[in-house]
Novice: 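Okay, handing you the structure first.
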Amino acid sequence: MSEGMLCTKTHEYVLEQGGKYTIGLTDYAVEQLGDIVFVELPEVGATFTKNESFATVESVKAASEIYMPISGTIAEVNEDIISNPELLNEDPLGNAWLVKIDSNAEDIEYKDLLDYSDYKEEVQG
Amino acid sequence: MTKQTFLHDKHIELGAKMVDFAGWHMPVQYTSIIEEHKTVRESVGLFDVSHMGEVFVEGKDALPFLNKIVPQDISKLVDRKAVYCQMTNKQGGIVDDLIIYRLHLHKYLIIVNASRIDEDINWMVRNKLGFNVNIINESHNYSLLAVQGPKTINLMKKMGVKELPPFFSIKRGELVNVNLWISRTGYTGEDGVELLVKNEFVELLWDKILKAGKEFGIKPIGLGARDTLRLEAALPLYGNDLDEDTTPVEAGLGWSVPNNKVDDYNGKEIITHQISNKIDKRLIGLKMIDRGIARHGYEVFYKGEEIGHITSGGVSPVRGDNIALAYIKNLSEIKIGTQIQVKIREKLYNAEVEKRPFVAKRNKS
């Protein structure tokens with residue numbers, strides 16, 4: 001499931017599948033957040049640059065901004081997690097992705113992203 | 001340096017997520033705040049609240065001294081009875097909110113907030129001139145456990161406490177051969193007890209309560225659920241809802257301020273004036289109508305005008321909606337049911353003024 005997944009230091013992942021890029025929160029991130037009770041996602045068609053805040057995820061304790069791992073345009077948002085935010089705690093790397101984007105991001109935007117396994121080592125180390 | 005309670009290793013063993021709170025390294029949750037919250041509402045939960053402070057006030061003038069530092073009338077207390085009150089400054093602002101227990105005429109136990117122990121002691125010492133009292137901070141010698149929820153009585157009975165003290169009373173007791181104080185108080189809106197015990201016995205007590213509570217579905221509960229529970233019960237949190245610039249009347253705590261108290265107390269003139277006159281700001285409860293969570297510091301609007309701010313807010317795990325406490329300008333047209341707005345991330349979300357508490361209290365017995 002984490003094959004090909006690239007992660008940010010702010011705990012988002014991006015995964016390329018058939019020309020579309022899926023963006024979500026890492027399992028480490030949702031574990032740290034605890035019970036997720038609210039998700040706010042952008043409109044389809046909105047464009048964001050790398051590191052720009054595009055969504056908000058709220059746990060019982062606090063609201064957290066979510067940042068773009070790479071630049072792109074929102075192609076699809078995950079309606080399921082808007083109505084059932086708790087899905088994010090259960091399956092963040094699978095069904096509980098946040099958005100899918102179209103992206104022409106240059107290679108340089110990928111330079112600071114970590115392979116999922118390296119990321120895990122870093123956050124758990 | 002961050003302080004640890006005598007149960008710190010237990011929390012780690014139980015897999016708690018730890019956070020710094022008021023200078024203490026404390027468990028915020030063991031499994032899930034929502035699950036822990038529901039456990040307390042449905043069965044019984046065990047909290048380590050040893051960060052709270054314990055101050056004894058004793059001496060010939062203990063009663064007049066306490067009556068000087070709080071608006072509440074301490075002369076109404078009888079032995080082993082407790083009262084919720086606030087310690088006020090000369091302007092009527094709240095230095096801390098407290099529970100005062102009368103052990104006997106010349107000796108009182110005060111439970112204070114962890115974040116305020118130093119300020120409290122300083123303020124008490126500054127006010128003791130002319131009073132024959134000793135103020136003894138015993139916080140470092142005592143641990144405090146809270147057992148909260150509808151199954152508390154059954155659990156305590158099983159553990160050999162034949163009769164619990166009445167609501168807001170304290171008694172000496174014995175649990176698993178440990179001498180302790182049992183108080184019928186809490187911070188959840190549920191029936192429950194708080195157990196005050198010398199540090200060296202708290203680990204044993206914690207283990208035995210968890211073991212005996214198994215059949216009732218007991219769980220250890222972190223500070224995260226403590227916060228959501230007290231918010232549903234609309235119990236104020238010092239630092240969020242109460243501070244030195246807010247009086248008990250403004251904070252909606254007028255019920256704990258008698259208007260016929262004879263003794264003079266700090267801030268009396270301002271507070272008694274506020275009881276019988278219009279105040280500038282007041283505390284309200286609200287529930288969100290639009291999908292959004294109001295949080296501490298967010299602005300509150302009415303008819304396009306900013307009228308105040310949220311002091312505590314979040315989800316209500318029991319109701320499934322979002323609730324908050326706020327201070328607003330005291331406009332007479334704002335009543336229960338009035339629609340107001342909360343500004344969340346630069347957008348206005350509809351909310352409605354609601355009667356407090358948000359969830360009915362079940363601790364009056």
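Below, chain A is the first sequence line, B the second, and so on; all start at residue 1. Atoms considered below: every heavy atom in the structure, side chains included; atoms not considered: hydrogens, waters and symmetry mates.
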Novice: Where do R345(B) and A63(A) come nearest, in terms of heavy atoms and distance?
Specialist: NH1-CB, 3.9 Å
Novice: Sort I82(A) into side chain, backbone, both or neither according to what part of it lies under 4.5 angstrom from a heavy atom of chain B.
Specialist: both
Novice: For each of V315(B), D227(B), I34(B), tally heavy-atom pairs with chain A at distances under 4.5 Å, and name the one with the top tally.
Specialist: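 With the most close heavy-atom pairs to chain A, the winner is I34(B).
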Novice: Distance from E58(A) atom CD to I344(B) atom CD1, nearest 0.5 Å?
Specialist: 7.0 Å
Novice: Under 4.5 Å heavy-atom distance to chain B, tell me which part of S59(A) shows up: side chain, backbone, both or neither.
Specialist: backbone
Novice: Grab the two heavy atoms, one from D35(A) and one from I33(B), that are nearest each other, plus how far apart they are.
Specialist: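 In this case the closest contact between D35(A) and I33(B) is OD2-N, 3.0 Å.
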Novice: Could you pull out the closest heavy-atom pair between K17(B) and E31(A), with the gap in Å?
Specialist: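 Scanning both residues, the minimum pair turns out to be NZ-O, 2.7 Å.
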Novice: Would you say K38(B) has more than 12 foreign heavy atoms packed within less than 6.0 Å of its NZ?
Specialist: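 It does not: K38(B) NZ has 12 such atoms or fewer within range.
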Novice: If we only count heavy atoms from C-beta on, is the V60(A) to Q29(B) side-chain gap below 4.5 Å?
Specialist: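 When only atoms from C-beta onward are counted, Q29(B) and V60(A) do not touch, as no gap falls below 4.5 Å.
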Novice: Answer with side chain, backbone, both or neither: which region of R291(B) has an atom nearer than 4.5 Å to a non-hydrogen atom of chain A?
Specialist: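 Both parts, heavy atoms under 4.5 Å.
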Novice: What part of T228(B) gets closer than 4.5 Å to chain A, counting heavy atoms only: side chain, backbone, both or neither?
Specialist: side chain
Novice: Taking CD in E52(A) as the centre, count heavy atoms belonging to other residues, nucleotides or ligands within less than 6.0 Å. Is the count above 12?
Specialist: yes
